[in-house]
Structures are given as structure tokens and as C-alpha cells.
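Letters A, B, ... are given to chains in the order of the sequence lines, protein chains preceding strands, and every chain is numbered from 1.
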Protein chains: 2
Amino acid sequence: MSRVSAEKPRRTRADQRRETEARILAAARATFAELGYERTTIRGVASAAGVNAGLVMHYFGSKEELFSRAARLPEDDLPAGHPAEALLTSLRRRLDDEPVASLVVLRSVLTHAEASGEFRVAAAAWLDRIGAAVPAGDAALRAGLISSIITGVVIERHLLKLSAVADASADDIVALMRPVFESLAGEGRGTG
Amino acid sequence: MSRVSAEKPRRTRADQRRETEARILAAARATFAELGYERTTIRGVASAAGVNAGLVMHYFGSKEELFSRAARLPEDDLPAGHPAEALLTSLRRRLDDEPVASLVVLRSVLTHAEASGEFRVAAAAWLDRIGAAVPAGDAALRAGLISSIITGVVIERHLLKLSAVADASADDIVALMRPVFESLAGEGRGTG
DNA sequence: GTCTATACGTCGATAGAC
DNA sequence: GTCTATCGACGTATAGAC
């Protein structure tokens with residue numbers, strides 16, 4: 001008798017958990033990005049997610065694990081085609097798009113985890129992809145400089161906001177950065 | 001009679017304080033640079049300086065004041081001459097020289113003080129100096145990009161260390177960065 | 001599944017002994 | 001001038017009630 005009505009709502013145990021977990025993760029991402037690792041508190045994340053602090057611990061076990069889950073980046077892609085233009089496309093997206101997930105890493109990798117192994121693996125893959133698109137013999141150094149430059153511009157625009165880079169249009173920035181990438185990515189190629 | 005011998009050691013009150021204070025400041029700079037603001041503790045700084053935690057408070061009053069003193073940069077200079085070459089000289093120094101003081105700011109400004117007013121003032125002056133060396137009408141944006149690029153490369157070399165930029169020779173980096181600065185600083189000028 | 005209560009450590013800062 | 005002792009607040013993490 002009572003079992004019939006109890007079985008009706010099938011998405012209440014395994015699925016409500018997913019929903020709550022996703023809400024916590026979103027709140028964690030936003031908080032880590034805004035405050036960095038140390039200043040982010042479990043209580044703050046729980047409050048932002050509308051749940052209790054104990055529940056966050058119940059789901060993720062520790063603050064470290066919560067950060068690791070929040071900082072997991074979806075994918076770093078580099079469009080095919082002319083190397084310089086591909087890099088400019090990647091830069092433009094990071095100038096405009098909501099960079100919440102990226103900012104979690106950018107900010108927290110500097111404050112917290114020099115041992116954030118997961119991030120370093122992703123970064124290495126990203127560097128390889130750039131290096132593969134760069135023809136010269138010192139591809140590794142060129143790729144490293146390109147990555148550093150992109151990181152610097154993104155940090156300035158979204159975190160530091162010290163200069164005109166913070167408010168300028170993406171078009172203007174991309175236009176000024178084109179010769180930069182053409183030079184570093186090997187301007188003598190990439191026309192076919 | 002007793003006054004004669006008592007006046008002999010003249011550098012014991014006002015000068016030993018300076019020495020201890022300098023030792024604390026050096027320890028604070030190193031610790032802030034290594035750990036960032038939040039993870040740095042008064043106790044840790046005191047221990048590294050070989051003194052007691054209470055003494056650090058006695059001298060500096062608060063952790064915030066200690067950080068402010070430790071993060072005070074000596075000066076940001078931009079050599080005169082061709083804009084691009086001046087920027088390269090500045091970059092080279094930051095690639096090689098002991099960047100302790102700079103790293104305090106670089107790391108901590110990202111983890112702690114979006115309101116670190118003192119640093120923002122210094123950064124504005126630095127941007128003005130770059131902008132003055134850049135002829136184009138969009139000098140502010142160009143100066144911002146140049147500063148962002150330098151910051152990105154310095155962060156990668158000294159803090160992140162994810163790529164070949166960390167280990168490459170300053171010569172190789174400067175050589176690859178020359179066309180970058182020539183492009184952004186207005187390559188059509190600065191030949192005379 | 002969600003929340004309350006709390007144990008346990010560490011922090012910045014203060015007061016006062018030597 | 002330097003250090004010891006301690007306060008009050010807040011952090012993560014745990015145990016267990018509902």
C-alpha cells in the first residue's frame with residue numbers, strides 16, 4: 001500500500017544528489033575563482049549553494065578534493081589552420097567568454113598548488129599542441145612564450161585589471177596581438 | 001663616572017632594532033613570495049627570522065602592515081632610448097635578477113589584495129612610463145599589453161615553471177621577444 | 001539525504017614578565 | 001627590546017540526530 005506511492009518519484013535519490021552536487025560545484029568554482037584557495041571556506045561554498053557545510057564534506061570528503069573537482073577543466077582546444085590565427089581565436093575566446101573555470105585554475109594555481117599535478121598535465125598537453133603548430137627548431141620555447149603571453153593577458157584582463165587591457169574590445173586586442181603571434185608562431189609559414 | 005662607560009656602545013638601541021627589523025623583513029619577503037599572503041603566518045616569519053612572533057607584531061603592528069612593508073618595491077625603471085630595446089633590457093633584468101621583491105607582489109596581488117592600493121599606484125606609474133615611450137594613438141592599450149606580456153613571462157619563469165621558459169637562457173628569450181616588443185612599441189620609430 | 005553540534009587545531013593579536 | 005602566556009575567532013573535519 002504505502003510502497004506504491006513511494007516508488008512513484010523515481011528521480012529523488014540518485015538524481016537529486018546529482019543536482020545538489022552540481023549546485024555545490026558551481027558555487028565552489030565561483031568562490032575559488034573570486035577568492036582563491038585559501039580564502040575560500042567550505043562554509044562559504046555551502047552557503048552560496050544553499051546547503052549546509054556538513055553536506056559539502058559528505059559529498060566531497062575534503063576541501064582539497066572539492067578544489068580538485070572544481071578546477072577540472074573541460075578541454076583546451078587549439079583550432080586547426082594557420083598557427084597564428086588559431087592562437088588568436090583561442091585568445092579571443094578567453095578574452096570574452098565567461099572564464100570561470102579558467103579563473104579557478106589561474107588564480108588558485110598561483111596561491112595554492114605548485115603541486116597541482118592534474119593542472120600541470122593539462123598544461124603540458126596544451127603546450128604540446130602549440131609546439132606542434134610551431135615549425136621552428138626551438139618550438140618548445142616558442143610555445144612556452146606564447147602560452148605565457150596568453151596567460152599574462154588573460155590574468156590582466158580578468159584578475160588584475162590594472163590597465164586598458166581590462167576594458168578594451170577583444171577586437172582591438174586581437175588586432176594588436178596578431179603580429180605578436182605571427183612572429184612567435186613562425187610568420188614564414190601558415191599561409192596554406 | 002658611570003656615564004662615561006655607559007655611552008660607549010652607541011649602536012645598541014636604535015640600531016639593533018634596525019638590524020632585527022631588516023632580518024624580519026627579509027624573512028617576510030621570502031615567505032610571502034613562496035607561500036602567498038594567506039598561507040604566510042606571523043609565526044612562520046618570526047621563526048624564519050629567528051625571533052618571536054610577538055616581536056614581529058611589536059614592530060609591524062599587523063600582518064597587513066608587514067605585508068605592505070615587504071611588498072614595497074624599490075623602483076620600476078625603464079631605460080631611455082629605443083622603446084623596444086628599453087623594454088627588452090627591463091625584461092632581461094627580471095628574467096635573471098633575484099626577483100624576490102617582485103615575486104612578493106606578483107604572487108600576493110593575485111591571492112590577496114585586489115585592493116592593494118599601493119601596488120596599483122606603482123603599476124599605474126609603470127604603465128605611464130611605457131605608454132610615454134609608445135608613439136601610437138592607442139598607447140594605453142599597447143602599454144597594457146606590453147606590461148601584461150612581461151608579467152606573464154615572468155610569472156611563468158619564476159612561479160609556474162610549466163614550460164621551457166623556466167629554464168631557457170635569457171638571451172634566447174630576449175631574442176624571441178624582440179620582434180614582439182618592436183611590434184607593440186611601434187616598430188616604425190625608435191631607430192634614432 | 002540533509003542538517004546540528006562539536007572536537008581539535010591554528011591563526012592574529014594582546015597583556016605583561018623578564 | 002625580547003619573549004611567554006593567553007584570548008577570542010575561525011578553519012576543517014567528524015559524529016550523530018532528524
Side-chain angles (χ1 to χ4, degrees), chain A residues 2-3 5-28 31-32 34-71 108 111-113 116, chain B residues 6-28 31-32 34-71 108 111-113 115-116:
Chain A
S2 59
R3 284 169 51 209
S5 58
E7 286 175 3
K8 217 172 161 194
R10 193 170 296 175
R11 60 186 313 246
T12 327
R13 277 294 174 273
D15 218 30
Q16 173 142 356
R17 166 168 185 132
R18 283 197 137 78
E19 184 187 321
T20 305
E21 195 174 316
R23 212 168 63 241
I24 293 175
L25 261 182
T31 312
F32 277 126
E34 187 188 345
L35 302 177
Y37 182 84
E38 316 293 337
R39 296 178 61 191
T40 295
T41 66
I42 300 279
R43 285 172 163 86
V45 170
S47 172
V51 299
N52 187 268
L55 194 62
V56 176
M57 295 299 301
H58 183 60
Y59 280 169
F60 296 92
S62 72
K63 181 182 179 180
E64 182 62 39
E65 176 66 17
L66 174 64
F67 169 73
S68 172
R69 293 279 306 277
S108 300
T111 130
H112 170 242
S116 174
Chain B
E7 286 174 3
K8 220 170 157 195
R10 195 170 295 173
R11 59 187 313 244
T12 327
R13 275 294 174 274
D15 217 29
Q16 174 142 354
R17 167 168 183 132
R18 283 196 135 80
E19 185 188 320
T20 304
E21 195 174 317
R23 212 168 63 241
I24 294 174
L25 261 182
T31 312
F32 277 127
E34 186 188 346
L35 302 178
Y37 183 85
E38 317 292 338
R39 296 178 60 191
T40 295
T41 65
I42 300 279
R43 286 171 165 85
V45 171
S47 173
V51 298
N52 188 267
L55 193 62
V56 176
M57 295 299 301
H58 183 59
Y59 280 169
F60 297 93
S62 72
K63 182 182 180 180
E64 182 64 38
E65 176 65 17
L66 174 64
F67 169 74
S68 173
R69 293 280 304 278
S108 300
T111 131
H112 168 243
S116 173

Given [options], the nucleotide with the shortest approach to the side chain of [X]:
| X | options | value |
| --- | --- | --- |
| A:Tyr59 | D:dT2, C:dA13, C:dT2 | C:dT2 |
| B:Leu55 | D:dC3, C:dC3, C:dT2 | D:dC3 |
| A:Lys63 | C:dA13, D:dA13, C:dT2 | D:dA13 |
| A:Ser62 | D:dT2, C:dA13, D:dA13 | D:dA13 |

Gap between atoms [atom1] and [atom2], on [X] and [N] respectively (whole Å):
| X | N | atom1 | atom2 | value |
| --- | --- | --- | --- | --- |
| B:Glu38 | C:dG12 | CD | P | 10 Å |
| B:Asp15 | D:dG1 | CG | C1' | 14 Å |
| B:His58 | C:dG16 | NE2 | C1' | 13 Å |
| B:Arg39 | D:dG11 | CZ | P | 17 Å |
| A:Ile42 | C:dA5 | CD1 | P | 20 Å |
| B:Glu64 | C:dC11 | CD | C1' | 15 Å |
| A:Met57 | C:dA5 | CE | P | 19 Å |
| B:Asn52 | C:dA17 | CG | P | 16 Å |

Using a cut-off of less than 4.0 Å, is there contact between a side-chain N or O of A:Thr20 and OP1 or OP2 of C:dT2?
-> yes
Distance-minimising heavy-atom pair for B:Ala53 and B:Arg43 | CB-CG, 4.0 Å
Closest heavy-atom pair, A:Glu38 versus A:Lys63, reported as atoms and distance to 0.1 Å, is O-NZ, 3.5 Å
NA contact type, B:Arg43, heavy-atom cut-off 4.0 Å: base, sugar-phosphate, or nothing?
-> base
Identify the residue among B:Ile24, B:Leu55, B:Val45 that makes a side-chain contact (heavy atoms from CB on, under 4.5 Å) with B:Phe60.
-> B:Ile24
Closest nucleotide of DNA chain D for A:Gly54 versus for A:Thr41: which of these residues is on the 5' side?
-> A:Thr41
Calculate, to the nearest 0.5 Å, the distance between atoms CG and CZ belonging to A:Leu25 and A:Arg18 respectively.
-> 12.0 Å
Is there a side-chain contact between A:Glu65 and A:Tyr59 (heavy atoms, below 4.5 Å)?
-> no
